[in-house]
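Values below: all heavy atoms of this structure, side chains included; hydrogens, waters and symmetry mates excluded. Sequence lines set the chain letters: A, B, ... in the order given, protein chains first and strands last, and positions in each chain run from 1.
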Amino acid sequence: MEFERPRGTRDFLFEEMRQRKYAEDILRNVFENYGFGEVQTPLFEDLKLFTTKSGEEIVDQLYNFKDKGDRDLALRPEITAPIARLYLNELQKTSKPIKIYYYGSCFRYERPQKGRFRQFWQFGCELIGAKTPEGEAEIIAMCNNAIEELGITTAEFNINHLGIIRGLFAHFDIDTATQREIMVVIDKGDKELLKESLVGDNPIIKDKPELNEVLFKLMDMVGDSSIIADIRELVAPYEETQEALEEFEELVKTLESFQVFNYKLNLGVARGLDYYTGIVFEVYVEGLGAQKQVCGGGTYSLVKLFGGEDVVSTGFALGFDRLMNAIEELNGKPELEPIVSTYVSAISDSTRHEAFNIAQTLRKAAIPTEVDLSRKKFKKILAYANKIDVKYTVLVGERDLEDGKVTVKDMLSREQELVDIDNVVEYIKDKLYN
RNA sequence: GCCGGGGUAGGGUAGGCGGUCAUCCUACGGGACUGUGGAUCCUGUGACUCGGGUUCAAAUCUCGGCCCCGGCCCCA
């Protein structure tokens, strides 16, 4: 074999493509059901768009290149930044809130493993200009709804409000570098490491044992809405946390009104980056190996970061490939009905053109039809029809044609009938739909 | 970037202490077979991931690359 696929990429064949398309349709329906409209942005953007959002370090994790005009470009590693750019370019004066969704592939230069590829697909949305708990609740509700519709029953929603921890940092006057360092540790979700970093022998923050103590207790808070009371008790002395806490509580209340019950509050969800301002959430599905996170989202001020006015948006991105993994893991590969139901073939050379005619007539009547294109000998016709799993085979032969008839064979019952050539469509339609 | 396991016809595989024409299934082509054997039988095409090394001799041992699978790191 001369050429191989580039590393970390995949070819999707007929069956898999149909399954992906099926899932894609479900997601589109859900998103549109909530009033979101689809947009599409370019596969590549200015490199700067992504480095501004995520820092210079990401350059070695993405596909970037110079074009012939010496522009620094990059294949998009995610679609949130392009959406913010699109908003700035086209939608600033549109009435809020704006509801956008997208589906497309992204590219990252990373080591492939289960659920991680160099070209992968994201399905996501942005709700721009509705910074209310109900905006956030609707986003989470839609996400939950979408995952349910796909038949994934084991998804686990983890929600946090970063305002609480940010409030603590503000109260204790912690600089951004240190904040970031702490957030990274929290994000890892490693209890031992966290303990070591906060209350161990050599903590990241040295002179604030009170803060360390509070942080450590806070990170342990995972559970249903009842933990709000515990959080309140813990952070009551720190005024800077109160507004966020109220928002968080309001979100929880609103979630229930949006009929979402399937979630955990988890103060350990960090999603490191600075531009997240409010709630953040992640969705996990166990059994997907190391890459079990199928969705990440939150509320952020990305537009401001790109130089626009401060418009808050809430959004999430579903890892489409991981969702497909989850579906297969849970339900196996779904059996898909063959699309083509009818096979038309001439038995003799002289009737070939009549066979084409019949095939076209069937197709125009919306009966998916295949017609013999390889001049198969008779004995191969039925073998082929059987293999492509059609329900009916129309045999066009000289003898029958003399009486204006063709033979229609029911492949399942193996019975066959002579049918007037003008009645073939009706005959098959009748059998297919009745 | 790091660690482990892999790579044999289109797909799935056997062989693996070096040594006959590299096994079997399936798929594909042809035939037995001119309108009813969707079967069966016969037959054909088709592969040792690439490169170096050891050796009289390498699919087999060895080193390196590439790719796949899983994990670490990272995860916007």
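Computed from coordinates, the A:F378 CZ to B:rG31 P distance equals 16 Å when rounded to whole Å. For A:F306 and B:rA76, the CZ to C1' distance is 10 Å, given to the nearest whole Å. The CD-P distance, from A:Q291 to B:rG70, rounds to 10 Å in whole Å. Distance A:R375 CZ to B:rG29 P: 17 Å, rounded to the nearest Å. Atom C1' of nucleotide B:rC74 and atom CD of A:E56 are separated by 18 Å, given to the nearest angstrom. Following rounding to the nearest Å, A:R118 (CZ) and B:rC69 (P) show an atom-to-atom distance of 11 Å. To the nearest angstrom, C1' of B:rC75 lies 11 Å from OH of A:Y276. If you measure from atom NZ of A:K292 to atom C1' of B:rG71, you get 15 Å, rounded to the nearest angstrom.
Within a 6.0 Å radius of CZ in A:F216, other residues, nucleotides and ligands contribute more than 12 heavy atoms. Enclosure of atom NZ in A:K66 by more than 12 non-hydrogen atoms of other residues, nucleotides or ligands within 6.0 angstrom is indicated.
If you check every strand for non-hydrogen atoms under 4.0 Å, A:K387 touches sugar and phosphate atoms only. Across all strands shown, A:I381 has no heavy atoms under 4.0 Å from either base or sugar-phosphate atoms. If you check every strand for non-hydrogen atoms under 4.0 Å, A:G8 touches sugar and phosphate atoms only. At the heavy-atom level, A:K379 lies under 4.0 Å from base atoms of the strands shown. Nucleic acid contact class of A:Y275 (heavy atoms, under 4.0 Å, all strands): sugar-phosphate only. Residue contacts for A:Q293: at a heavy-atom cut-off of 4.0 Å it reaches no nucleic acid atom on any strand shown. No contact: A:S348 has no heavy atom under 4.0 Å from any strand. In this structure, A:G289 reaches the sugar-phosphate backbone alone: every heavy-atom distance under 4.0 Å involves primed, P, OP1 or OP2 atoms, never a base.
Contact of A:K377 with B:rU34 (side chain to base): no donor-acceptor pair of N or O atoms is detected under 3.5 Å. For B:rG70, the base has no donor-acceptor partner in the side chain of A:R116 [N/O atoms by modelled type, under 3.5 angstrom]. Contact of A:Q416 with B:rU36 (side chain to base): a donor-acceptor pair of N or O atoms is detected under 3.5 Å.
Relative orientation of the A:Y103 and A:F123 rings is tilted, given thresholds of 30° and 60° on the angle between their planes. Taking the six-membered ring for Trp and thresholds of 30 and 60 degrees, A:Y63 and A:Y109 have ring planes more than 60 degrees apart, a perpendicular arrangement.
Relative to the ring axis of A:W121, A:R322 does not place its NZ or CZ within 45° and under 6.0 Å from the centre. Judged by a 6.0 Å distance limit and a 45° cone about the ring axis, A:K376 is positioned over the six-membered ring of A:Y384.
Checking B:rC3, B:rA76, B:rC67 against every side-chain atom of A:R111, the shortest atom distance belongs to B:rC3. When distances run from any side-chain atom of A:T407 to the nucleotides B:rG71, B:rA76, B:rU36, the shortest one goes to B:rU36. Listed candidates were B:rG35, B:rC72, B:rC73. Nearest to the side chain of A:E398 is B:rG35. Of the listed nucleotides (B:rG71, B:rG38, B:rG35), B:rG38 has the atom at the smallest distance from the side chain of A:M411. Among B:rC67, B:rA76, B:rC72, the nucleotide with an atom closest to any side-chain atom of A:R7 is B:rC67. In the set B:rC69, B:rU36, B:rA76, the nucleotide with an atom closest to the side chain of A:F117 is B:rC69. Comparing atom distances between the A:R414 side chain and each of B:rG38, B:rC75, B:rC3 picks out B:rG38 as nearest.
One finds a side-chain N or O of A:K188 lying less than 4.0 angstrom from the OP1 or OP2 phosphate oxygen of B:rC74. Residue A:R5 places no side-chain N or O under 4.0 Å from the OP1 or OP2 atom of B:rC67. Residue A:Q113 places at least one side-chain N or O under 4.0 Å from the OP1 or OP2 atom of B:rG71.
The glycosidic torsion of B:rG70 lies more than 90° away from 0, which places this base in the anti conformation.
Pair assignment for B:rG37 gives none, since no Watson-Crick or G-U wobble pairing has each distance under 3.5 Å. Base-pair partner of B:rC66: B:rG7 (Watson-Crick or G-U wobble, both distances under 3.5 Å).
Taking the nucleotide of RNA chain B with the nearest heavy atom to each of A:L62 and A:G397, the more 5' of the two is matched to A:G397. Of the two residues contacting RNA chain B, namely A:E282 and A:P112, the nearest-nucleotide position lying further toward the 5' end is that of A:P112.
Aromatic pair A:F157/A:Y263: ring centres not closer than 6.0 Å.
When all heavy atoms are compared, the tightest approach of A:M219 to A:G268 is SD-CA, 4.0 Å.
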